[in-house]
Every structure is written in C-alpha cells, then in structure tokens.
**Student:** 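I am attaching a structure below and will ask some questions about it afterwards.
Both backbone and side-chain heavy atoms feed into the values below; hydrogens, waters and symmetry mates do not. Numbered from 1 within each chain, the chains take letters A, B, ... in sequence-line order.
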Amino acid sequence: MQIATFNVNGIKARIETVLDWLDREQPDVALLQEIKSVDEAFPRAPFEDRGYNLETHGQKGFNGVAILSKLPLEDVTRGLPGDPDDEQARWIEATVIGAQAIRICGLYLPNGNPAPGPKYDYKLGWMARLEAHARDLMASEDPVLMAGDYNIIPQDEDAARPEAWAKDALALPASREAFRRIVHLGFTEAFRARTRGTGHYSFWDYQAGAWDRNDGIRIDHVLLSPQAADLMTDCRIEAEMRGREKPSDHVPVWVTLDA
DNA sequence: ATGTCGGCATTGTGCCGA
C-alpha cells in the first residue's frame, strides 16, 4: 500500500497539479493539507471519477485537510479531540480497509509564528492535544499512521540553513520538545528510520529562489505506531515535484506499507 | 531578510497567512 502526504497549498489553485500527480503516481491513499476550501466547494468529481473515496474537513480560506483512498474508508472523524471550541480544520482520521485495517490520520499542525505570542501558544496547545490523542491511538495497539505538515524542523540537519530558523516557531526548543514527546510515545518517524544525513527537505519557500538554491526544510512527516512501523518497506520524499509546473511550496512524502 | 503565492473582500488592490 502506497500512502502519500501532500500539503497542496490550495486545492482550487492546485487542481491540475494534483490530478496530474495522481494519474502519474497512483497512490492508494493520499492525505492532503491546506485545501483552503469549504467542504461544499471541494472539487470532488475529478477525484471520484478516478476511483477515489474522498473525505474532507475544510474551512473558508485557510487550513483544511482531506483523505483520498482507493480502498474503503470507515469510522471517519474530523477535528483534533480536546477542545470543542477549536474551529480550525487541521485533523481528519479514518480506517483504511486493506489486507489489514490501518488507522490513518491527516494533520496540518499550526505554524505558530510569530513566537512568542498567541499563535505560538495555540501551536503548543494543539501539540499537547495531539500528544494526548496519540497516546490513545497508541493504546489501541492497532496499526496507526499520523502524517501531514507538522510545521516542525526536528533537528538542525533538517534545514539547509538552521541558523536562519533558530528563533522560528518551526524550530524553537519548545517546538522540538513537543514533537519529541509525541514520537517518544513509541512512534517511528518513517523517513529518519531509513535515511540519515543532511540535504533532505519537503518545503522550499516561494521567495528568494529557495528551490533553485536548495534552501529547504523538512517539516512534512509520517509517524508510525509499532504495529504500522513493522509493515513499512519504504519511505521517500518526492522532491522533484517542487520543480514541476505550478508547484506547491511543499512536496509529497511517501511510505510503502506491506498491507 | 524577504526576490512569492493563495484566498478574501472587492471591482482594483490591499490585507492576511504562510
């Protein structure tokens, strides 16, 4: 089973890019972030015509997540538990029914800039809720995958110019600590389980020729519970997508599971 | 630090978020 996470930066602006990608790469499951669309305005038809089941959790203008799946989806839930007053659309989860059932979670973690400030407080609060929910998911002992735009640079090696991000919400010590607390519940960070070293990025700013200079950061991650990690046979970043026509500022990250 | 982009409110362009 091939699963990809992809921050598309606006589904309406990116529709041709995303459809070309689906036709070429044929993921079984795709988790999309920053759809920037309400559910009623999401262009469902071209995805359903290609045989994808589609579940969205959108809002007007910002944020928004979606799950595409060629396999059946069951028990879909929307919104990260822990704060009924949180109106930002950043979490969706569903069970994908393949050779074995996998709980798949798509997330768009808050950016948090500027830090310090209320946006950073919201980020850390959201991560505390994520930790609590991840603990519950881990306790299920089912195969669980949590993937998306984490807006976290886990280590200095995950940035071309770490010094430029030292005071940014994506790399501050408190951000990294919150990410590690989640990983340390027992999750495997899929990419780093297979690839070491510098130079591996999933985001390049649109500004200042960041792609041309390979001035990137790695902020899109896949976390696997032990039961899911045991199924992983590959994980890769599709960096070449950043050089295509009308790219998102993020590229897809893929995992292959023997399921 | 800022060389860009998407969406919104809104009809020409400035603001916000990233």
**Student:** Report all side-chain donor-acceptor pairs from residues 159-166 of chain A shorter than 3.5 Å, counting only partners two or more places apart or in another chain.
**Tutor:**
unit_1, atom_1, unit_2, atom_2, d
R161(A), NE, D215(A), OD1, 3.4
R161(A), NE, D215(A), OD2, 3.1
R161(A), NH2, D215(A), OD2, 3.1

**Student:** Thinking salt bridges, do E131(A) and R135(A) make one under a 4.0 Å N-O criterion?
**Tutor:** yes
**Student:** Using the C1' atom on both, measure dT2(B) against dG17(B) and round to a whole Å.
**Tutor:**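 Taking atom C1' in both dT2(B) and dG17(B), they lie 15 Å apart.
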**Student:** Under the rule for side-chain hydrogen bond (donor to acceptor under 3.5 Å, both in side chains), what residues qualify as partners of E16(A), not counting sequence neighbours?
**Tutor:**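 Once residues adjacent in sequence are excluded, E16(A) has no partner under the side-chain hydrogen bond (donor to acceptor under 3.5 Å, both in side chains) criterion.
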**Student:** Using a cut-off of strictly less than 4.0 Å between a heavy atom of the residue and any atom of DNA chain B, enumerate the qualifying residues of residues 204-219 of chain A by number.
**Tutor:** Y206(A), Q207(A), A208(A)
**Student:** For P110(A) and for N9(A), find the nucleotide of DNA chain B with the closest heavy atom, then tell me which residue's nucleotide is more 5'.
**Tutor:** N9(A)
**Student:** Between dG3(B) and dC8(B), how far apart are the P atoms? Round to whole Å, please.
**Tutor:** 26 Å
**Student:** Going 5' to 3' along DNA chain B, which nucleotides are the first and last within contact of chain A (any atom under 4.0 Å from a heavy atom)?
**Tutor:** dA1(B) to dA18(B)
**Student:** For dG6(B) and dT10(B), measure between their P atoms and round to the nearest Å.
**Tutor:** 22 Å
**Student:** May I ask you to say what F203(A) touches in the nucleic acid, namely base, sugar-phosphate or nothing, with a heavy-atom cut-off under 4.0 Å?
**Tutor:** nothing
**Student:** Between R129(A) and D86(A), does at least one N-O distance fall below 4.0 Å, as a salt bridge requires?
**Tutor:** yes
**Student:** If the condition is side-chain hydrogen bond (donor to acceptor under 3.5 Å, both in side chains), which residues does T77(A) pass it with, not counting sequence neighbours?
**Tutor:**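 For T77(A), no residue satisfies side-chain hydrogen bond (donor to acceptor under 3.5 Å, both in side chains) once neighbours in sequence are set aside.
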**Student:** Under 3.5 Å, which donor-acceptor pairs link side chains of residues 100-113 of chain A to any protein atom two or more places apart or in another chain?
**Tutor:**
unit_1, atom_1, unit_2, atom_2, d
R103(A), NE, E93(A), OE1, 2.8
R103(A), NH1, D75(A), O, 2.8
R103(A), NH1, T95(A), OG1, 2.9
R103(A), NH2, D75(A), O, 3.0
R103(A), NH2, E93(A), OE1, 3.0
Y108(A), OH, E34(A), OE2, 3.4
N111(A), OD1, N113(A), N, 2.9
N111(A), OD1, N113(A), ND2, 3.0
N113(A), OD1, A169(A), N, 3.0
N113(A), ND2, D168(A), OD1, 2.9
N113(A), ND2, D168(A), OD2, 3.3

**Student:** Hey, which of these two, R161(A) or R14(A), hits DNA chain B nearer its 5' end, going by closest nucleotide?
**Tutor:**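 Residue closer to the 5' terminus by nearest nucleotide: R161(A).
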**Student:** Would you call R196(A)-E157(A) a salt bridge at under 4.0 Å N-O?
**Tutor:**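 Salt bridge absent between R196(A) and E157(A).
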**Student:** Taking a hydrophobic cluster as the set of Ile, Leu, Val, Met, Phe, Trp and Tyr residues connected by side-chain heavy atoms closer than 4.5 Å, whether directly or through intermediates, do V144(A) and M232(A) fall within one such cluster?
**Tutor:**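 Hydrophobic grouping puts V144(A) apart from M232(A).
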